[in-house]
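Reading through the C-alpha cells given below for one structure.
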Amino acid sequence: MQKNPFREASYLLNAHRLDQLPPDAGAEIAFAGRSNAGKSTALNKICDQTGLARTSKTPGRTQQLVVFLLDEAHRLIDLPGYGYAKVPDKLRDHWRATLDAYLRTRESLKGIVLVMDARHPLREFDRMMLDFARATGRDSLCLLTKADKLSRGEAARTLHAVRKELASFAPGAQAQLFSSLSGNGVDEARGVLSKWLFAAD
Ligand code: GDP
C-alpha cells in the first residue's frame with residue numbers, strides 16, 4: 001500500500017501575523033471554511049490522526065493560521081474558521097486584511113481546500129474565498145462535508161449543482177463529496193492535495 005504523506009503531519013506553530021509563518025519556500029495548502037463546516041475533522045481525517053487540528057471553538061484562539069509540517073518543504077495551513085458572530089470587529093478586520101495579504105502574496109501556496117457543509121454549500125464567505133482563489137490564480141478544491149447526512153440522491157444532486165455553479169463563477173475549481181464519518185471521498189481528496197504539493201518536486 002502506498003504511504004500516506006499526510007500521516008506525517010505534525011503541528012509547527014500558530015501565526016497571528018504573516019511574518020510569523022515559516023519562510024515562503026516549498027509548497028503548502030490552506031484549509032478554509034465557515035466555522036462548524038467540519039474543517040478540523042476533515043484535516044484530521046486526511047492526515048489519519050485524531051487530535052491534529054483542534055475541534056475546539058474558542059474564537060480568540062482560532063483566529064490564527066495554524067501550520068502543520070509534512071516534512072521540511074511541505075505544509076498544511078489551517079486558516080481561521082469564518083462566520084463567528086462573537087469575534088470583535090477589530091479582530092475580524094485584522095483577519096480579513098491578513099487573509100487577503102496571505103492569499104495575494106504567499107508564493108508557496110499551491111491550492112486552497114474549501115470545506116463546506118454539503119447541506120449549506122456556497123455561502124457568501126465561500127464565494128469570497130473562491131473569488132480570491134481565482135483572482136490570485138490558485139487551484140481550489142471544495143469538500144462537501146458531512147455527506148453522510150444526505151441520502152445518496154441528495155448528495156449526487158448537491159454535487160451536480162455545486163459543480164454547475166462553480167463552472168460559471170469559479171472555473172477550474174473542483175468539488176467532491178466528503179465524509180469524515182464514513183470515509184467517503186478521503187482518498188480522492190488526498191490524491192488532489194498530493195498532486196498540488198508534490199507536482200513540482
Ligand atoms: P470546524 O469548525 O469547521 O473545524 O468544524 P469541526 O471539524 O469542529 O466539526 C463541526 C461538527 O461537525 C463536529 O460536531 C463534528 O463532529 C461534525 N462533523 C464534522 N465532519 C463530519 C462528517 O463528515 N459527518 C458528520 N456526520 N459530522 C461531521
Side-chain angles (χ1 to χ4, degrees), residues 18 28-43 45-46 53 55 57 59 62-66 76-150 154-180 184-186 188-189 192-193 195-197:
L18 296 186
E28 66 193 32
I29 289 174
F31 281 68
R34 289 175 58 83
S35 301
N36 214 38
K39 177 163 59 75
S40 312
T41 311
L43 249 164
K45 189 74 186 173
I46 286 168
T55 49
K57 298 292 184 308
T62 54
Q63 292 297 302
Q64 300 186 336
L65 293 128
V66 184
L76 301 179
I77 311 290
D78 189 6
L79 298 176
Y82 203 86
Y84 249 117
K86 282 190 213 128
V87 176
D89 285 352
K90 223 173 133 185
L91 197 58
R92 194 177 296 164
D93 289 347
H94 166 75
W95 263 105
R96 203 167 284 155
T98 305
L99 198 60
D100 180 65
Y102 171 71
L103 294 173
R104 273 190 295 104
T105 62
R106 189 81 172 165
E107 287 191 12
S108 52
L109 177 63
K110 301 301 176 204
I112 297 168
V113 176
L114 182 54
V115 178
M116 300 187 282
D117 189 320
R119 296 164 300 175
H120 320 284
L122 297 174
R123 305 281 278 263
E124 190 186 344
F125 166 73
D126 304 323
R127 288 170 188 274
M128 189 191 87
M129 282 301 299
L130 287 163
D131 271 345
F132 263 144
R134 190 181 41 87
T136 56
R138 316 283 187 187
D139 283 329
S140 49
L141 171 66
C142 297
L143 295 183
L144 303 173
T145 55
K146 311 191 193 182
D148 54 274
K149 294 200 183 247
L150 300 177
E154 284 170 329
R157 277 193 295 281
T158 300
L159 180 61
H160 181 73
V162 167
R163 283 183 173 159
K164 202 168 157 192
E165 274 217 54
L166 290 177
S168 68
F169 84 91
Q174 303 178 62
Q176 63 157 92
L177 296 167
F178 191 94
S179 167
S180 297
N184 179 20
V186 177
E188 201 183 331
V192 175
L193 270 54
K195 260 194 208 142
W196 288 350
L197 278 176

Out of curiosity, L65 CG to E28 CD, how far, rounded to the nearest 0.5 Å? 9.0 Å
Could you go step by step and tell me if R123 and R34 meet the side-chain contact (heavy atoms from CB on, under 4.5 Å) rule? CA-CA 9 Å; R123 305 281 278 263; R34 289 175 58 83; 4.0 Å; yes
Write out all pairs satisfying side-chain hydrogen bond (donor to acceptor under 3.5 Å, both in side chains) with one or both partners inside residues 165-176, taking only residues at least two apart or from two chains. R127-E165
Any side-chain heavy-atom pair of F31 and L76 under 4.5 Å: yes
Measure the OH-CG distance between Y102 and L18 for me, rounded to the nearest 0.5 Å. 9.0 Å
Taking all non-hydrogen atoms of both residues, which atom of D78 and which atom of A53 are closest, and how far apart? OD2-CB, 4.2 Å
Minimum side-chain heavy-atom gap I29-I112 below 4.5 Å: no
Hey, are the side chains of F178 and T41 touching, using non-hydrogen atoms and a 4.5 Å cut-off? no
Applying the side-chain contact (heavy atoms from CB on, under 4.5 Å) criterion to P121, which one of D126, T145, L159, L144 satisfies it? L144
Report the distance from atom CZ of R106 to atom CZ of R138, rounding to the nearest 0.5 Å. 10.0 Å
Indicate yes or no: at least one non-hydrogen side-chain atom of V113 is less than 4.5 angstrom from one of V115. yes
Should we say atom NE2 of H120 is surrounded by more than 12 heavy atoms from elsewhere, each under 6.0 Å from it? yes
Tell me, with the steps shown, if W196 and L109 meet side-chain contact (heavy atoms from CB on, under 4.5 Å). CA-CA 9 Å; W196 288 350; L109 177 63; over 6 Å; no
Rounded to the nearest 0.5 Å, how far does CZ of F132 lie from CZ of F125? 8.5 Å
Which atom names give the shortest non-hydrogen contact between A118 and T158, and what distance separates them? O-CG2, 3.4 Å
Residues which pass side-chain contact (heavy atoms from CB on, under 4.5 Å) with A170, listed by chain and number, not counting sequence neighbours: L130, L166, A173
Please give me the minimum heavy-atom distance between A189 and L143, naming the atom from each residue. CB-CD2, 4.0 Å
Do N184 and S179 have side-chain atoms, one donor and one acceptor, less than 3.5 Å apart? no
Taking R119 first and then E154, would you say they form a salt bridge - that is, a charged N and a carboxylate O separated by under 4.0 Å? no
Is any side-chain heavy atom of P171 closer than 4.5 Å to a side-chain heavy atom of R134? yes
OG1 on T136 to CZ on R104, rounded to 0.5 Å: 9.5 Å
Nearest 0.5 Å please: distance from the CG atom of L79 over to the NZ atom of K39. 6.5 Å
